[in-house]
> 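The structure follows.
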Number of protein chains: 2
Amino acid sequence: MTDFQLYAANDRAPVPARAATIFDVARRAGVSTKTVSRVLNNEGRVAEDTLARVRAAVADLDYRPNPNARSLAGRRSYLIGLFYDNPSSNYMADIKGGAIRRCQEKGYHLLTEPCEADDPNLPRLMVSVATRFRLDGLILTPPLVDRQDVLDAVAAANVPLVRIAPRTDPERTAHVCMDDQAAARLAAEHLADLGHHRLGMILGHPDHGAAMLRQRGFQQAAADRGLTLLPHHIVPGDFSFASGFAAAERLLSLPDRPTAIFAGNDDMAAATVAAANKHGLQVPRDLSVVGFDDSPIAQVIWPPLTTIRQPTMAMAAAAVDLLIGDGESEPVRQLDFELMVRQSTGPLPG
Amino acid sequence: MTDFQLYAANDRAPVPARAATIFDVARRAGVSTKTVSRVLNNEGRVAEDTLARVRAAVADLDYRPNPNARSLAGRRSYLIGLFYDNPSSNYMADIKGGAIRRCQEKGYHLLTEPCEADDPNLPRLMVSVATRFRLDGLILTPPLVDRQDVLDAVAAANVPLVRIAPRTDPERTAHVCMDDQAAARLAAEHLADLGHHRLGMILGHPDHGAAMLRQRGFQQAAADRGLTLLPHHIVPGDFSFASGFAAAERLLSLPDRPTAIFAGNDDMAAATVAAANKHGLQVPRDLSVVGFDDSPIAQVIWPPLTTIRQPTMAMAAAAVDLLIGDGESEPVRQLDFELMVRQSTGPLPG
DNA sequence: TCCGGATTGGACAACGTTGTCAGATGCGGC
DNA sequence: GCCGCATCTGACAACGTTGTCCAATCCGGA
């Protein structure tokens with residue numbers, strides 16, 4: 001420990017060969033390691049001047065605690081796990097981005113673990129990773145949020161969990177959501193306002209609760225406004241571009257094809273625009289398209305998509321907050337959506 | 001330790017309240033903890049039957065070592081750091097995906113850290129995270145790969161590093177690359193084969209070495225084939241969709257506009273297609289477009305992009321391999337590219 | 001002056017693994 | 001039968017932090 005090299009907190013300081021430990025800080029501040037620990041963890045019960053001295057020593061040494069030792073000794077790992085099996089890379093990129101950013105702000109890190117949604121061993125795997133790493137919490141996204149066995153196992157292991165998911169079932173865990181149904185209603189009303197009355201819809205993956213809510217909202221609004229929504233104008237999809245393309249081709253080949261289509265997400269909406277291009281139809285002149293999510297793809301095609309902006313990054317950040325905040329706040333957080341009117345929708349011609 | 005609950009390795013076994021430790025395994029196998037450690041880390045020098053006994057105990061208890069304790073005590077963390085500041089979420093998603101997958105296969109984990117490419121404190125930050133977490137290695141992507149101060153600091157701290165980057169400078173670190181120049185040449189030749197002779201190009205971000213190589217390759221091939229590549233048909237971009245859109249609008253407004261455009265990446269190629277749509281031009285009838293990367297966006301627009309397939313996921317996986325393999329293999333890995341001919345290119349009409 | 005309680009500080013044992021180093025064992029050769 | 005050497009095994013001390021628990025100090029009131 002004698003070869004430890006002090007270095008001042010300026011930019012020209014050499015990078016130390018060995019990182020400072022809590023002992024170095026304690027020595028420099030003239031206190032015990034435990035007192036340093038108290039300061040670091042805001043345990044309170046430390047006198048003003050001691051506190052200042054320790055803080056100064058930490059700054060001088062550019063000390064940061066070793067996370068491994070910390071989580072080995074303590075109860076927390078400052079690590080949050082994000083398990084997912086969602087094929088939409090745009091959606092997941094936003095989720096990860098939002099979560100990572102908030103974690104960084106709070107001094108946490110994010111462990112992202114892709115997995116298989118139909119793996120029967122998933123509950124064991126998740127609990128194993130959680131206990132092994134002493135994860136401070138788990139974030140789940142669709143479609144994992146609906147696996148009962150996973151929820152049971154995680155609850156039994158006493159690992160805090162937040163689901164990013166529509167509020168479909170009795171609230172057995174904390175979760176972050178938005179009102180998918182109201183959002184879909186808003187989308188339908190936008191089309192109605194533009195004068196469209198023959199609407200089509202491409203559904204999302206039936207395993208995702210959100211898919212059903214969006215369908216319900218859209219149908220409600222159509223009914224309220226007296227619009228026709230023929231059964232064969234509601235076609236299945238699974239949130240993927242390919243499924244959307246196929247569905248759109250079906251709709252656009254119909255003799256009585258709809259003049260406006262609401263797709264369950266942006267990938268399928270983009271596919272609808274692509275299919276329209278292929279069929280020689282101009283968007284929005286010949287066909288209006290509304291998407292859902294406002295994922296990056298919405299603005300990376302022509303025309304840019306009119307879509308429901310889902311605050312994905314904010315939702316992920318809120319999930320982190322729920323996990324870190326000591327459960328004192330409301331365990332359900334509903335965030336606002338917004339209709340982004342761009343150029344894929346227009347008035348019904350004629 | 002008396003309340004530890006044994007459980008067999010079948011699916012009905014209850015999830016244990018406390019995870020098994022190396023002591024439990026040692027006790028069950030009738031050996032010391034050190035011997036268990038030897039088996040786990042393949043240190044060799046363990047008798048056949050002892051090995052089998054330990055392996056059986058590990059399996060029975062579903063034992064997995066605590067990663068925190070492991071990296072606290074040992075030299076390795078089984079953790080690889082990926083620092084990045086790349087605005088292309090598609091590219092980064094592939095990088096992360098490829099790296100995570102390979103890490104999982106090898107029992108490692110990936111710590112992803114977004115950062116600011118122009119943060120003067122970056123070298124210190126990276127070294128700090130690396131030493132603190134005892135990272136087994138670092139992966140860098142453009143444009144971070146070109147920061148000399150970062151490379152210096154990392155080298156001084158003795159942290160293994162792999163760059164995913166074109167081979168622009170003397171090989172001071174291991175790296176994974178592809179031949180950007182040859183790939184760009186291939187793209188130009190494809191356009192020449194289709195009969196185009198008035199070509200345009202949208203350049204990538206000048207800070208990325210790859211941008212220059214792609215330009216050079218494209219120009220070489222054009223010269224070799226005797227094609228015209230007018231100076232004002234080469235316009236700047238920065239790899240973003242927005243920059244590509246602006247560049248494409250400039251090119252398409254020209255009275256002598258090119259009949260084919262090579263964009264520095266897929267985002268800008270997609271923007272070119274979008275701009276063409278906006279201008280009432282049909283792709284590929286009125287304009288051929290070639291991209292670079294074969295990122296997801298290439299197949300999510302209409303028409304799907306002809307592009308150079310860059311094996312991004314494989315490159316990330318190779319980077320992980322280089323880091324984990326004990327430096328025995330060649331520290332430079334060049335992977336193959338491929339021209340994906342889709343429907344954004346076609347013969348020159350007339 | 002002394003006492004009780006609140007506040008602050010510190011010694012020491014976890015936490016679960018690997019590194020070090022010495023000890024035990026087995027085997028072939030003389 | 002003994003020695004030397006290679007092979008295998010284990011006791012014990014790190015690793016860097018937090019938790020537990022007790023000691024010291026300070027304050028106001030009796």
Side-chain angles (χ1 to χ4, degrees), chain A residues 1 4 16 18-55 57-58 61-79 107 128 131-136, chain B residues 1 4 16 18-54 57-58 61-79 107 128-129 131-136:
Chain A
M1 203 161 288
F4 176 70
R18 192 174 74 66
T21 73
I22 201 170
F23 288 99
D24 303 314
V25 177
R27 188 146 40 92
R28 192 183 177 94
V31 298
S32 77
T33 59
K34 179 61 208 182
T35 300
V36 177
S37 176
R38 281 206 190 85
V39 173
L40 292 174
N41 296 287
N42 295 316
E43 287 180 24
R45 315 221 149 183
V46 178
E48 275 300 319
D49 57 336
T50 311
L51 195 89
R53 250 182 13 259
V54 171
R55 290 243 166 89
V58 166
L61 298 174
D62 189 29
Y63 167 75
R64 275 180 261 181
N66 177 316
N68 290 308
R70 207 174 205 190
S71 71
L72 183 58
R75 302 213 158 82
R76 336 195 55 181
S77 64
Y78 297 88
L79 218 48
S128 170
T131 56
R132 213 79 53 172
F133 278 90
R134 289 225 200 303
L135 295 187
D136 289 351
Chain B
M1 204 162 284
F4 176 69
R18 193 174 76 68
T21 73
I22 201 170
F23 288 99
D24 303 314
V25 177
R27 188 145 39 92
R28 194 184 176 95
V31 297
S32 76
T33 58
K34 179 61 209 183
T35 299
V36 176
S37 175
R38 282 205 189 83
V39 172
L40 292 174
N41 295 287
N42 294 316
E43 287 180 27
R45 316 218 147 183
V46 177
E48 274 302 318
D49 57 336
T50 311
L51 194 92
R53 253 188 4 263
V54 171
V58 167
L61 297 174
D62 189 28
Y63 166 75
R64 275 180 264 180
N66 177 314
N68 291 309
R70 208 174 204 189
S71 70
L72 183 58
R75 302 215 158 81
R76 336 197 53 180
S77 64
Y78 297 90
L79 216 49
S128 170
V129 170
T131 56
R132 214 77 56 172
F133 278 91
R134 287 223 201 305
L135 294 187
D136 289 351

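First the proteins, then the strands, lettered A, B, ... as listed; each starts at 1.
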> Output the single nucleotide from C:dG19, D:dT18, D:dT9 whose closest atom is nearest the side chain of A:K34.
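For the A:K34 side chain, the nearest candidate turns out to be D:dT18.
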> Please check the phosphate of C:dT18 (OP1 and OP2 only) for any side-chain N or O of B:S37 closer than 4.0 Å.
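Yes, within the criterion.
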> Round to a whole Å and report the spacing from CD of B:E48 to C1' of D:dT7.
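Rounding to the nearest Å, CD of B:E48 and C1' of D:dT7 are 13 Å apart.
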> When you check the phosphate oxygens OP1 and OP2 of C:dG10, does a side-chain N or O of A:T35 lie under 4.0 Å from one of them?
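So the side chain of A:T35 is within the cut-off, an N or O lying under 4.0 Å from OP1 or OP2 of C:dG10.
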> Could you state the CZ-C1' distance from A:F133 to C:dG16, rounded to the nearest angstrom?
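After rounding, the reported distance stands at 14 Å.
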> Say whether, by atom type as modelled, one donor and one acceptor occur between the side chain of A:R53 and the main chain of A:A29 under 3.5 angstrom.
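Confirmed, A:R53 side chain pairs with A:A29 backbone.
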> In whole Å, I'd like the distance from the CZ atom of B:F23 to the C1' atom of D:dA11.
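Those two atoms, CZ and C1', are 11 Å apart.
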> With a 4.0 Å limit, can you tell me whether A:N68 has a side-chain N or O closer than that to the phosphate oxygens OP1/OP2 of D:dC15?
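Checking A:N68 against D:dC15: no side-chain N or O falls below 4.0 Å of OP1 or OP2.
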> Passes side-chain contact (heavy atoms from CB on, under 4.5 Å), A:R70 versus A:N41? Steps please.
CA-CA 11 Å; A:R70 207 174 205 190; A:N41 296 287; 3.2 Å; yes
> Between B:G30 and A:R70, name the one whose nearest nucleotide on DNA chain D is closer to the 5' end.
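Upstream on the strand: B:G30.
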> Can you check whether A:T50 has a side-chain N or O nearer than 4.0 Å to OP1 or OP2 of C:dG9?
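The answer is yes; a side-chain N or O of A:T50 sits under 4.0 Å from OP1 or OP2.
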> Taking the nucleotide of DNA chain D with the closest heavy atom to each, which residue, B:R53 or A:I22, is nearer the 5' end?
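Result: B:R53.
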> Atom CZ of A:R27 to atom C1' of C:dG10: distance rounded to whole Å?
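Atom CZ in A:R27 sits about 17 Å away from atom C1' in C:dG10.
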> Of all the choices, C:dG9, D:dT18, D:dG16, which nucleotide is nearest to the side chain of A:T33 once you look at every atom?
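Nearest listed nucleotide: D:dT18.
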> Rounded to whole Å, how long is the line connecting atom CG of B:L61 with atom C1' of C:dG16?
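Atom CG in B:L61 sits about 15 Å away from atom C1' in C:dG16.
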> So among A:V39, A:D49, A:V46, which one has a side-chain contact (heavy atoms from CB on, under 4.5 Å) with A:V54?
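Result for side-chain contact (heavy atoms from CB on, under 4.5 Å) with A:V54: A:V39.
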> Donor-acceptor pair, distance only, cut-off 3.5 Å: does the side chain of A:N66 make one with the backbone of A:N68?
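Yes.
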> For the pair made of CG in A:L51 and P in C:dT8, what is the distance, rounded to whole Å?
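Checked: the CG to P distance equals 10 Å.
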> Rounding to a whole Å, what distance do you find between A:D136:CG and D:dT18:P?
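In whole Å, D:dT18 P lies 13 Å from A:D136 CG.
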> Can you check side-chain contact (heavy atoms from CB on, under 4.5 Å) on A:Y63 and A:I22, steps first, answer last?
CA-CA 8 Å; A:Y63 167 75; A:I22 201 170; 3.7 Å; yes
> Is B:R38 side chain donor-acceptor paired with the C:dG19 base, going by distance under 3.5 Å alone?
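Flag unset: no donor-acceptor pair detected.
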> Among D:dT17, C:dG19, C:dT17, find the nucleotide with the atom closest to the side chain of B:A73.
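Within the option list, the nearest is C:dT17.
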> Check the distance between C:dG16's P and B:R134's CZ and give it to me in whole angstrom.
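Atom CZ in B:R134 sits about 19 Å away from atom P in C:dG16.
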> Within less than 4.0 Å of OP1 or OP2 of D:dT18, is there a side-chain N or O belonging to A:Y78?
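For D:dT18, neither OP1 nor OP2 has a side-chain N or O of A:Y78 closer than 4.0 Å.
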> Out of D:dT18, D:dG10, C:dT17, which nucleotide sits closest to the side chain of B:V31?
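Closest of the options to the side chain of B:V31: D:dG10.
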